[in-house]
Amino acid sequence: MEIRKITFDRVKNGELAKLLDRTADPYKEQEEAVAAIISDVKENGDKALFEYEKRFDGVDLTKDNIKVTAEEIKEAYANVDPGLVEVMKRSLHNIRDYHEKQLRQSFFTERADGVILGQRITPLSIAGVYVPGGKAAYPSSVLMNIAPAKVAGVERLIMCTPPGKDGKVYSTTLVAADLAGADEIYKAGGAQAIAAMAYGTQSIPRTDKITGPGNIFVALAKKAVYGQVSIDSVAGPSEITVLADETADPKYVAADLLSQAEHDEMASSILVTTSEELADNVFKEIDEFLKVLERHEIIEKSLSDHGAAVITETIEQAVDVVNEIAPEHLEIMTKDPMQTMTMVRNAGAIFLGAYSSEPLGDYYAGPDHVLPTSGTARFFSPLSVDDFIKKTSVISYSKEALLNAADDIIAFANAEGLTAHANSIKVRKIDN
C-alpha cells in the first residue's frame with residue numbers, strides 16, 4: 001500500500017502538523033447527548049442510570065443486581081483459562097513492583113527559630129475505574145488502572161463496566177479486577193457510568209477520581225465532569241512513532257508500526273528515520289504483513305490517513321521531529337538507542353532497542369500503559385501512583401518566627417490592599 005513520505009523541510013513547512021491534526025470533528029452532537037445524560041443521572045440517580053442501561057446496553061438493572069457478586073467472580077474464574085490467570089498474575093507483579101518505586105513519603109523540616117514546614121502525602125479515599133465492554137475485553141487496562149491506585153493506598157476502589165444483554169460482565173475483566181484488588185464492581189457503562197461515579201447514585205458511590213479508557217461518549221463525559229472529580233486524561237487515538245537509523249531491522253519496525261495501526265482507523269503510526277532505504281524496506285514488510293493480519297482493513301485505513309515516514313538527514317533532525325510529535329509510544333531503534341534517548345524531551349513511554357517492542361508496555365513490563373496522547377506528552381505524564389495521592393502543605397510558626405516576619409507580611413498585604421490580612425498579623429505583633 002502507499003504510505004506518504006515527508007522530508008524534513010516539509011515537516012518545517014507544516015505538513016506533519018496537518019497530518020497530526022485530528023480535531024476536525026467537534027463532536028457537538030455527542031457533547032450535547034453526554035451533557036443531557038450527566039444532568040439526568042445527577043438529578044435522578046439510579047432511576048436515570050437504569051433507564052440508560054436499558055436503552056444502551058439492553059439490560060434490566062436494579063439496586064439488587066447492579067453490583068457484581070462474589071458468586072459471579074467465582075464463576076468468572078471458572079470461565080478463564082488458568083494459564084491466562086497465571087499470565088495476569090505475573091503481569092500484575094511487574095506492574096506493582098514498578099509502581100511501588102514511585103511511592104513518596106511525607107516530610108517535615110524544622111528551623112532553629114521554631115518554624116516547622118512540611119508536606120503530608122495521603123491517598124485518595126475513593127477512586128473509580130471505567131473499563132469498556134462492548135466488542136472486546138481489556139484485562140490489561142484493568143490491571144494498569146487499579147494497581148497504581150492500590151499501591152498508592154486508595155482505601156476504596158470501585159469499577160464500572162457495561163454488562164452484556166445477559167447481565168454478565170466479561171469473565172477476564174472480572175478476574176483481572178479481582179486480582180488487582182477492586183473493592184466493588186458495578187454493571188454500568190457509557191456516559192451514565194461516568195456521571196454515576198462523579199455525582200453518586202443510590203447504588204454507586206461518588207468518587208474522588210475517575211480513570212480508564214472508553215469510547216467518545218465516555219471520553220466526553222470524563223471531560224464534562226472534570227472539576228467535580230479528578231480524571232486521568234481525555235485520551236485520543238493510539239499512537240506510535242519509531243525513530244530508526246540504517247541499523248534497524250525493517251521487519252521489526254513494520255511489525256511495531258502495525259501493532260498500533262490495528263487499534264482503529266484514527267490511530268497514528270509514524271516512522272522517523274535517517275535512511276530512506278530503511279523506509280522503503282519497511283513499506284515492503286508492511287505489504288507482506290497485511291496479507292496475513294486479521295485487522296488489515298483497519299490497518300490500511302489508519303496508515304493511509306494517519307501514517308507516514310519522515311525522512312531526515314541527521315539523528316538530531318529526527319529527534320526534533322519526535323519532540324514535535326510528542327508521541328504516546330516512542331520506539332528507538334538506532335545504533336546507540338540510549339544515547340539517542342537523552343535528546344528526546346517529549347514522549348509518553350520510550351522503548352529502547354530491537355527487543356523492546358511496544359506490546360511489552362501494553363501488557364507486561366510494569367510501567368503504566370495509560371499514556372498521554374495527541375501531543376500532550378509535552379506536558380502530561382503516564383498514569384502513576386501520584387495520580388491517586390494528595391499533597392497537603394503543613395505550616396507551623398513560633399511566636400519568635402512570626403514576629404520576625406511580621407513587618408514583611410504586613411507590607412505585602414497592604415501593597416495588595418488586603419488590610420484584613422495585614423490586621424491578622426498586626427494584632428499578634430501588638431500583643432507582643
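Fair warning: this is a prediction, and the values are worked out from it, not measured in the lab. We count residues from 1, following the sequence as given.
For Phe379, the CZ atom sits in a packed shell: over 12 heavy atoms of surrounding residues, nucleotides or ligands are nearer than 6.0 Å. When the shell of 6.0 Å around CZ of Phe412 is examined, it contains 12 or fewer heavy atoms from other residues, nucleotides or ligands. For OH of Tyr363, the number of neighbouring non-hydrogen atoms (other residues, nucleotides, ligands) closer than 6.0 Å is 12 at most. Within a 6.0 Å sphere centred on CZ of Phe8, heavy atoms belonging to other residues, nucleotides or ligands number more than 12. With a 6.0 Å radius and a threshold of 12 heavy atoms from other residues, nucleotides or ligands, His421 has its NE2 atom at or below the threshold. Other residues, nucleotides and ligands contribute more than 12 heavy atoms inside 6.0 Å of the OH atom of Tyr77. At most 12 heavy atoms of other shown residues, nucleotides or ligands fall within 6.0 angstrom of atom CD in Glu313. The 12-atom threshold is not exceeded at CZ of Arg428, counting heavy atoms of other residues, nucleotides or ligands nearer than 6.0 Å.
Between Arg111 and Asp113 there is a salt bridge, since at least one side-chain N of the basic residue sits less than 4.0 Å from a carboxylate O of the acidic one. Ion pair Asp407/Lys429 flagged as a salt bridge, since at least one NZ, NE, NH1 or NH2 atom sits closer than 4.0 Å to an Asp/Glu carboxylate oxygen. Between Arg96 and Glu100 there is no salt bridge, since no side-chain nitrogen of the basic residue lies less than 4.0 Å from a carboxylate oxygen of the acidic one. Residues Arg104 and Asp386 are paired through a salt bridge, judged by an N-O separation under 4.0 Å between the basic side chain and the carboxylate. Look at Asp232 and Lys222 and you find a salt bridge, because one of the NZ, NE, NH1 or NH2 atoms lies within 4.0 Å of a carboxylate O, short of that distance. Checked for salt-bridge contact, Glu86 and Lys89 meet the test: a charged N lies under 4.0 Å from a carboxylate O. Between Arg378 and Glu324 there is no salt bridge, since no side-chain nitrogen of the basic residue lies less than 4.0 Å from a carboxylate oxygen of the acidic one. Between Glu75 and Lys168, at least one side-chain N (NZ, or NE/NH1/NH2) sits under 4.0 Å from a carboxylate O, which counts as a salt bridge. The pair Lys209-Asp387 counts as a salt bridge, with a side-chain nitrogen and a carboxylate oxygen less than 4.0 angstrom apart.
You'll find the side chain of Ser140 stays beyond 4.5 Å of the side chain of Met88, heavy atoms only. For the pair Leu124/Ile126, no side-chain contact is recorded, criterion being any heavy-atom separation below 4.5 Å from C-beta on.
In this structure, Phe351 and His329 have tilted ring planes: the angle between them lies in the 30° to 60° band.
Side-chain contact, Tyr52 with Asp40: a donor N or O sits under 3.5 Å from an acceptor N or O.
Side chain of Thr161 to backbone of Val131: a donor-acceptor contact under 3.5 angstrom is found. A donor-acceptor contact shorter than 3.5 Å links the side chain of Asp183 to the backbone of Leu157. Asp245 contributes no side-chain N or O that, together with a main-chain N or O of Thr274, makes up a donor-acceptor pair within less than 3.5 Å. Glu358 places no side-chain N or O within 3.5 Å of a backbone atom of Glu331 that could act as its donor or acceptor partner.
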